Amino acid sequence: MNERYDFSGIEAKWQKYWEVNKLFKTTEEAGRKKYYLLEMFPYPSGKLHMGHVRNYSIGDVASRYLRMNEYNVLHPMGWDSFGLPAENAAIKHNIHPNVWTWDNIAEMRSQLKGLGFSYDWDREVATCHPDYYKWMQWIFIQFFEKGLAYKKKNPVNWCSSCQTVLANEQVVDGTCERCSTPVGKKDLEQWYLKITDYADRLLADLDKLIGWPNKVKLMQKNWIGKSTGAEVDFMIEGSDKTMKIFTTRPDTLFGVTYMVLAPEHPFVKELTEGSEFEAPVNEFLDRLQYLSDIDRTATALEKDGTFIGRYAVNPLNGKKVPIYIANYVLMEYGTGAIMAVPAHDQRDFDFAVKYNLDIIPVVDSENPDIDVNNLKEAFEAEGIMINSGMFDGMDNVAAQEKIIAYLEEKKIGKEAVNFRLRDWLISRQRYWGTPIPMIYCEECGWVPEKIGNLPVLLPTDVVFSGKGESPLTTSKTFKETTCPKCGKKATRETDTMDTFLDSSWYFLRYTDAKNSREIWDKKNAEYWMPVDQYIGGVEHAILHLLYARFFTKFLYDIGYCPADEPFTNLLTQGMVLKDGTKMSKSKGNVVSPEEIINKYGADTARLFILFASPPDKELEWSDAGVEGSYRFLNRVHRLIFELAEKIKDAPSGYKPDSVDDKKMAYVMNASIKKVTADVGDRFNFNTAISSIMELVNEIYRYKETEDPNTGLLKAAVENLILILSPFTPHICEEMWEHIGNKGTVYHEKWPVYDETALIKDSIEIVIQLNGKVREKIEVANGLNKEQLEEVVMENEKVKSLLEGKEILKVISVPNKLFNVVIR
RNA sequence: GCGGUCGUGGCGGAAUAGGCAGACGCGCACGGUUGAGGGCCGUGUCCGCGAGGGUAUGGGUUCAAGUCCCUUCGACCGCACCA
């Protein structure tokens with residue numbers, strides 16, 4: 001150790017030591033308490049950004065802390081390495097996606113190592129590696145064989161810029177989540193995963209996830225969007241068709257004054273063909289088609305529709321009501337058709353007002369200010385049934401059940417549940433993804449590739465046009481094959497999988513990353529799963545986390561995963577901001593980790609990023625703050641360098657005698673306690689670090705006192721290095737060695753604090769009058785209520801404050817405060 | 001529009017179970033060390049001369065409120081015609 005803090009020398013030295021000694025290698029050890037700590041793996045875009053540094057610094061502190069607490073910690077890292085940027089780079093720079101991706105991985109891996117993160121690199125995975133996507137294909141085939149993967153033709157979201165379809169989840173405000181291009185519709189035959197079969201479980205099991213932020217659970221809940229109600233059949237006059245609708249308000253059935261079909265509903269054409277209404281309906285449909293998805297879903301969009309010339313019959317009261325098509329009814333939700341009750345639904349109300357349709361109230365408000373016969377807006381609250389025949393007078397909530405029972409009895413409807421969640425469209429017309437391992441045979445239909453033939457390798461003889469169709473179709477060797485079932489000529493699926501599939505199970509592969517015989521040894525999954533702590537950005541609250549839960553449940557069902565939820569605890573870290581906004585190239589406010597590491601070292605970068613803000617909140621980047629962290633490490637370094645000689649021959653025990661000794665011992669033990677709680681229980685690294693700073697300040701003070709106890713000084717120095725080591729491991733290794741230790745601080749046990757040192761002889765008591773602080777006094781520790789009252793009342797200042805006042809009440813809180821209520 | 005989170009010094013933030021508001025750090029000021037600068041060390045730093053006041057706003061509960069309840073204002077996030 002030099003007198004000067006040579007961070008680059010220190011960091012290179014210890015990173016090499018860790019690597020040579022395989023310090024972070026983890027093996028399954030039966031009987032030892034395990035902890036699976038996982039950070040979201042990155043997309044290898046080129047270089048790390050500050051968000052990565054934050055994510056992985058949080059994880060690394062937790063990992064190192066847990067290891068010092070003798071957990072067997074699985075802390076892996078890998079690459080979410082399929083995806084569009086590689087392909088776009090290929091088109092732009094004429095470099096193969098494979099080359100581009102692996103170059104980036106090499107660069108980012110070395111950056112991660114340069115930050116000193118304690119990963120077990122022997123378990124590294126990359127989703128673009130055939131050893132990985134082989135098992136991705138295997139999982140897909142399991143889905144197919146269980147009937148959960150299917151192909152259907154449907155109008156799908158199409159991004160004209162990315163030239164591919166998008167899942168519903170990837171459409172944000174009507175635009176592509178990646179490039180913000182307005183998303184259009186295209187009728188295509190695509191592969192889907194039947195996530196809707198798991199909707200109920202995905203919803204119900206959210207309750208089990210007590211270690212997840214409520215915000216994330218709520219977002220998932222809303223996304224799944226379960227609503228309960230009824231399906232009701234309405235006869236269409238002069239047709240053999242029945243119009244099936246879904247409603248959450250069966251109690252309002254008597255208030256139906258018109259019906260609406262979604263414009264895309266298949267009935268529309270049939271019911272209008274050849275009639276005088278065909279022309280106006282087609283005109284309306286043309287007008288709608290013209291609108292983009294954004295316009296169509298905009299809030300401000302006015303209700304618009306047209307009568308189609310047909311009538312439906314209300315099965316409860318036989319009433320004839322007109323059928324409309326309207327822009328506010330969606331084909332994708334429910335049955336694509338609704339009953340309209342303008343009196344009790346605001347959308348229907350708006351539409352009825354515009355087209356001068358009847359408004360019939362069937363629920364009366366108990367609030368006298370609301371006249372349901374003269375509504376200014378829909379009355380959507382609860383009330384008493386009216387105009388509803390045999391149901392009149394009932395409470396409308398109770399009436400829902402009764403009406404459903406009646407519908408079921410008459411076989412005109414039934415109780416029904418609807419989800420907002422749709423099946424997951426997983427086909428992508430792109431190259432850089434896992435080939436879908438399916439083969440189409442004229443005789444046998446869609447047949448999965450034989451397991452023994454996996455992986456279906458990505459061909460390399462392809463053309464990257466970036467246009468419309470999967471590049472795989474341009475391969476001369478890929479498409480033509482034979483049917484695995486009947487042996488006849490057949491063709492391969494040329495689409496690839498959405499990369500979100502790859503990331504839906506990587507955490508399981510880490511448990512046995514190099515297994516070439518099977519996806520993983522079930523014993524390993526049994527040992528490590530579930531992930532105890534998952535850490536990543538909140539931007540994955542819906543997509544990735546929902547898909548990962550879905551995969552885990554499926555793999556659980558087929559016996560490959562011991563847990564039916566993947567992540568016990570979830571920490572969603574906040575964004576890294578600069579000047580109040582997200583760092584981005586276009587804003588020119590990016591601070592690169594590389595430049596910070598070169599200037600101050602990895603330890604300073606880690607320390608600052610953990611100190612500046614609690615992990616789950618946003619972090620405002622501050623160059624001055626980085627300087628401060630660097631200054632602190634220098635201060636620690638100087639302290640240890642100075643004291644090393646002094647404590648060399650110090651005794652290993654100590655007995656605090658003087659007031660200074662006791663204070664030193666107190667701060668030392670309080671810091672250990674605080675850091676243990678903040679890191680171990682709360683993930684509040686910022687306050688842990690401030691407590692370590694207080695310890696450093698106290699050691700600085702104590703060493704200058706008259707006769708510092710060298711044994712105590714030694715203990716303080718050792719404990720300081722130990723509790724600081726998860727945050728800034730390199731400098732701590734160096735200091736640990738410098739004060740005469742062999743080996744690595746990483747193998748040391750986390751220090752325990754001495755509770756007795758935290759008991760002070762005397763305590764400062766706050767004295768309040770009517771809740772306002774008026775005086776503070778020192779009293780002996782441990783006085784009970786009565787003793788405390790006695791001491792306080794003897795106090796001269798208190799006596800004078802109370803003079804001439806009437807004491808109404810006293811509140812005595814031992815070791816804390818004393819409040820006198822006076823008049 | 002609906003749902004949620006959150007408003008604390010000049011700044012990042014602390015106050016973990018209702019009990020001393022502003023820990024720790026940044027910045028700033030002054031002093032020391034130094035040939036100077038930087039670095040380092042020390043002192044001070046919510047407002048007010050003071051009594052006192054103070055956690056966006058106004059109210060409530062309580063002996064006691066940053067913390068619990070309600071009002072208003074503001075910021076941010078998610079969803080957005082889901083029948």
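Side chains are part of it too, since the values below use all heavy atoms of this structure and drop only hydrogens, waters and symmetry mates. Within every chain, numbering begins at 1; the chains are lettered A, B, ... in the order of the sequence lines, protein sequences first and strands thereafter. Quick caveat: nothing in here was measured; it's all calculated off a predicted structure.
- One C1' atom belongs to B:rA29, the other to B:rU61, and the distance between them is 44 Å to the nearest Å.
- In this structure, B:rG9 is classed as syn because its glycosidic torsion stays within 90° of zero.
- Side chain of A:T687, nearest nucleotide from B:rA15, B:rC24, B:rC81: B:rA15.
- In this entry the distance linking CD of A:E775 with P of B:rG19 reads 22 Å, nearest Å.
- Pairing partner, B:rU72: B:rA56, with both Watson-Crick or wobble hydrogen-bond distances short of 3.5 Å.
- Candidate nucleotides B:rC81, B:rG12, B:rU16 were compared by shortest atom distance to the side chain of A:K674, and B:rU16 ranks first.
- In terms of position along RNA chain B, the nucleotide closest to A:S613 lies nearer the 5' end than the nucleotide closest to the other residue of the pair A:S613 and A:S691.
- B:rG66 and B:rU8 have their P atoms separated by 14 Å, with the value rounded to a whole Å.
- In this entry B:rG9 has no Watson-Crick or G-U wobble partner, no candidate having both defining distances under 3.5 Å.
- When each of A:A624 and A:M339 is assigned the nucleotide of RNA chain B bearing its nearest heavy atom, the one mapping closer to the 5' terminus is A:A624.
- For A:N819, no side-chain nitrogen or oxygen approaches OP1 or OP2 of B:rG19 to under 4.0 Å.
- Comparing B:rG38 with B:rG32, their P atoms sit 15 Å apart, to the nearest whole Å.
- Residue contacts for A:R4: at a heavy-atom cut-off of 4.0 Å it reaches no nucleic acid atom on any strand shown.
- Remark: A:R774 is not in phosphate contact with B:rC20, judged by side-chain N or O atoms under 4.0 Å from OP1 or OP2.
- Nucleic acid contact for A:S622: none, since no nucleic acid atom lies under 4.0 Å from a heavy atom of the residue.
- Rounded to whole Å, atom P of B:rC79 lies 10 Å from atom CG of A:N222.
- Taking the charged nitrogens against the carboxylate oxygens, A:K354 and A:E302 do have a contact shorter than 4.0 Å, which makes a salt bridge.
- In summary, A:E380 and A:R249 do not engage in a salt bridge, as defined by a charged side-chain N under 4.0 Å from a carboxylate O.
- For A:K809, a side-chain nitrogen or oxygen approaches OP1 or OP2 of B:rC63 to under 4.0 Å.
- When the nucleotides B:rU16, B:rA14, B:rA83 are ranked by their closest atom to the side chain of A:N686, B:rA14 comes out on top.
- Under the 6.0 Å distance and 45° angle rule, A:K244 does not count as a cation-pi partner of A:F234.
- One finds no side-chain N or O of A:S629 lying less than 4.0 angstrom from the OP1 or OP2 phosphate oxygen of B:rG25.
- At a threshold of 4.0 angstrom between heavy atoms, the contacts of A:D350 with the nucleic acid are absent.
- Within the nucleic acid shown, A:E618 comes within 4.0 Å of sugar-phosphate atoms alone, with no base atom in reach, counting heavy atoms only.
- Taking the six-membered ring where tryptophan is involved, the planes of A:Y630 and A:F7 are perpendicular, since the angle between them exceeds 60° and thus also 30°.
- The phosphate of B:rC41 has OP1 or OP2 within less than 4.0 Å of a side-chain N or O from A:R638.
- Nearest nucleotide to the A:M693 side chain, out of B:rC63, B:rG25, B:rG4: B:rG25.
- When the P atom is compared between B:rG58 and B:rU67, the two are found 13 Å apart, to the nearest whole Å.
- Interatomic distance, CD1 of A:I195 versus OH of A:Y547, reported as 6.5 Å (0.5 Å rounding).
- A donor-acceptor contact under 3.5 Å is not formed by the side chain of A:K816 with the base of B:rC20.
- Base pairing annotation: B:rC79 forms a Watson-Crick or G-U wobble pair with B:rG1, both donor-acceptor distances under 3.5 Å.
- With hydrogens and angles disregarded, a donor-acceptor distance shorter than 3.5 Å links the side chain of A:S812 to the backbone of A:K785.
- Heavy atoms of A:L218 sit under 4.0 angstrom from primed sugar atoms or phosphate atoms, though from no base atom.
- The nearest whole Å value for the distance from the CE atom in A:M575 to the P atom in B:rG78 is 9 Å.
- Spacing of C1' atoms, B:rC68 relative to B:rC24, comes out at 28 Å, to the nearest Å.
- In this structure, CG of A:D623 is placed 15 Å from P of B:rG12, rounded to the nearest angstrom.
- Across all strands, A:S227 comes closer than 4.0 Å only to sugar-phosphate atoms, never to a base (heavy-atom distances).
- Taking atom CD1 of A:I807 as the reference point, atom P of B:rC63 lies 17 Å away to the nearest angstrom.
- Counting non-hydrogen atoms under 4.0 angstrom, A:G628 reaches the backbone sugars and phosphates but no base.
- Under the 4.5 Å side-chain criterion, counting only non-hydrogen atoms from C-beta, A:V821 is not in contact with A:V810.
- Base engagement by A:E764 is indicated by at least one non-hydrogen atom pair under 4.0 Å involving a base atom.
- Residue A:R631 places no side-chain N or O under 4.0 Å from the OP1 or OP2 atom of B:rC41.
- Side-chain N/O atoms of A:R635 include none lying less than 4.0 angstrom from OP1 or OP2 on B:rG39.
- A distance of about 28 Å separates the C1' atoms of B:rC11 and B:rG4, rounded to the whole Å.
- For the pair A:R682 and B:rA15, the criterion of a side-chain N or O lying under 4.0 Å from OP1 or OP2 is met.
- Contact check, A:K617 against B:rA14: a side-chain N or O comes under 4.0 Å of OP1 or OP2.
- In this structure, A:F608 atom CZ and B:rC11 atom P are separated by 16 Å, rounded to whole Å.
- One interatomic measurement links the two molecules: CD of A:Q768 to P of B:rC63, which rounds to 13 Å at whole-angstrom precision.
- In this pair, A:F685 and A:F727 present their aromatic rings perpendicular. The plane angle is above 60°, beyond the 30 to 60° band.
- Comparing B:rU71 with B:rG7, their C1' atoms sit 16 Å apart, to the nearest whole Å.
- Nucleotide B:rG39 forms a Watson-Crick or G-U wobble pair with B:rU33, both donor-acceptor distances falling under 3.5 Å.
- Here the side chain of A:V773 is nearest to one of B:rA80, B:rA21, B:rA14, namely B:rA21.
- Note on A:N684: every side-chain N or O is 4.0 Å or more away from OP1 and OP2 of B:rA14.
- When the P atom of B:rG13 is taken as reference, atom CD1 of A:I609 falls 14 Å away, rounded to whole Å.
- Closest approach to the A:R420 side chain among B:rC79, B:rG13, B:rG78 is made by B:rC79 (side chain taken as heavy atoms from C-beta onward).
- Using cut-offs of 30° and 60° on the angle between ring planes, the pair A:F267 and A:H265 is perpendicular.
- Across the strands present, B:rG44 finds its partner in B:rC28; the criterion is a Watson-Crick or G-U wobble pair with both atom distances under 3.5 angstrom.
- A cation-pi arrangement is absent between A:K226 and A:F419, since the terminal nitrogen or guanidinium carbon is not both under 6.0 Å from the aromatic centre and inside a 45° cone about the axis.
- Annotation: B:rG53 and B:rA64 have their P atoms spaced 15 Å apart (nearest Å).
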